[in-house]
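Below: one structure, written as structure tokens.
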Protein chains: 2
Amino acid sequence: MKKQLRRSNCPINFGLEAFGDTWSLLIIRDIVYFGKKTYGDFLRSDERIATNILANRLAQLERHGILVKTPHPIDRRKEVYTLTEKGIDLIPILVEMANWGAKYDPDTGAPQEWIALVNSDKENMIRLIQDTVREGGSVFVGPNSVIDRLAQRE
Amino acid sequence: MKKQLRRSNCPINFGLEAFGDTWSLLIIRDIVYFGKKTYGDFLRSDERIATNILANRLAQLERHGILVKTPHPIDRRKEVYTLTEKGIDLIPILVEMANWGAKYDPDTGAPQEWIALVNSDKENMIRLIQDTVREGGSVFVGPNSVIDRLAQRE
DNA sequence: CCGGATCCGTTTCGATACTG
DNA sequence: CAGTATCGAAACGGATCCGG
């Protein structure tokens, strides 16, 4: 019983089969913007993803080399999900999406001040976000978040 | 019977309910890169979208103000779908997606020469693409395509 | 408690056939 | 050419259960 074709392998498909799904994108957003790391973190996020869907998407993202799962260093019960370099390279897309969302859907978009900040020096801000995520940080949440780093520079 | 919630209105949802769907994205890609404009054009594209899905997505994109449908100026049987400014503002996202896809999925990605060209002067190239699409052109196909314009500059 | 796996009723998707 | 109608397949949401 061969699996039915849902999406074709067309040129310029943007690698959609890897991340072109709502839930996957929201997981990545949770990691990048809010520093979420564990199954429980993702479950507790606002969009109330079902447990089976979450497990499925995490496995899928791992299979595609966008996430890696490692045992939690302290709490042995937990697993920690982090972005690979392939995942970190999605950040420019997230940034452009956030721009678009903030412009056309301000209610559910990122804060306008943040958007303005990013666009004032986009290349460097993207690099800063990427470096922060590489070191386990996030944009808004946690010590050494991007917004903290920017505040310290002044 | 209240409709079940599928996607939450979370902050920074990227305006996903408007375009965060595979087929919608491929329609927009067809317009931007290949200059497709009519229902038939989209149907004939490589990914073989089903007729009902195509009709559904076109209507959805129109509802979200990303596309507009206008009667074909000459052939009265056809309708022409074009991007609004809201739709044209998706182009930076497409460009970043194309970058990522070309890097991690070269087989189905855009030509590497094109990717290199875009990144050599990203801001201006995006503006050029957007202007071209505004005037009814596309990146690769048709008279006054982006690649033609770039060739003429030399 | 934490990270899932499994089952089930409902919703959505998608391939094909068909119509104005 | 530009869509509807139909209907089986897949995805989803919710609840529950289970091993560590």
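As the structure is a prediction and not an experimental result, all values here were calculated from the model. Residue numbers start from 1 in every chain, and the chains themselves are labelled A, B, ... in the order their sequence lines are given, proteins ahead of strands.
- Summarising the geometry, the separation between CG on L26(A) and C1' on dG13(D) is reported as 16 Å, rounded to the nearest angstrom.
- Summarising the geometry, the separation between CD on E79(A) and P on dG20(D) is reported as 14 Å, rounded to the nearest angstrom.
- Residue R48(A) has no polar side-chain atom (N or O) positioned under 4.0 Å from OP1 or OP2 of dC12(D).
- Note: CG (D21(A)) to P (dA10(D)) measures 17 Å, nearest angstrom.
- Here the C1' atom of nucleotide dG3(C) and the CD1 atom of I49(A) are 14 Å apart, to the nearest Å.
- At the phosphate of dG14(C), OP1 or OP2 sits under 4.0 Å from a side-chain N or O atom of W23(B).
- In this structure, the NZ atom of K78(A) is 9 Å from the C1' atom of dC1(C), given to the nearest Å.
- Remark: R134(B) engages D131(B) in a salt bridge, criterion side-chain N to carboxylate O under 4.0 Å.
- Here the C1' atom of nucleotide dC2(C) and the CG atom of L58(A) are 14 Å apart, to the nearest Å.
- For L54(B) and dC1(D), the CG to P distance is 14 Å, given to the nearest whole Å.
- Counting heavy atoms from C-beta outward, I115(A) and K103(A) have side chains that stay 4.5 Å or more apart.
- In this structure, OH in Y104(A) is found 7.5 Å from NZ in K86(B), a value given to the nearest 0.5 Å.
- One can find a donor-acceptor pair under 3.5 Å joining the base of dA17(C) and the side-chain atoms of T51(B).
- Taking 4.0 angstrom as the limit, R57(A) places a side-chain polar atom (N or O) nearer than this to OP1 or OP2 of dC12(D).
- When the P atom of dG14(D) is taken as reference, atom CG of L43(A) falls 12 Å away, rounded to whole Å.
- Residue-to-nucleotide contacts include no donor-acceptor pair under 3.5 Å from the side chain of N52(B) to the base of dG3(D).
- Residue Y81(B) is in sugar-phosphate contact alone, with no base atom involved, counting any heavy-atom pair closer than 4.0 Å across all strands shown.
- Across all strands shown, R77(A) has heavy atoms under 4.0 Å from base atoms, whether or not it also approaches the sugar-phosphate.
- Contact annotation: Y39(A) side-chain N/O to dC1(C) OP1/OP2 distance is not under 4.0 Å.
- The minimum heavy-atom distance between K37(B) and G136(B), with the atom names listed, is NZ-O, 2.9 Å.
- Remark: K37(A) is not in phosphate contact with dC2(C), judged by side-chain N or O atoms under 4.0 Å from OP1 or OP2.
- When distances are taken from the side chain of I53(A) to each of dG4(C), dC1(D), dC12(D), the shortest belongs to dC12(D).
- Hydrophobic cluster membership differs between V141(A) and V80(A), with clusters built from Ile, Leu, Val, Met, Phe, Trp and Tyr side chains linked at under 4.5 angstrom.
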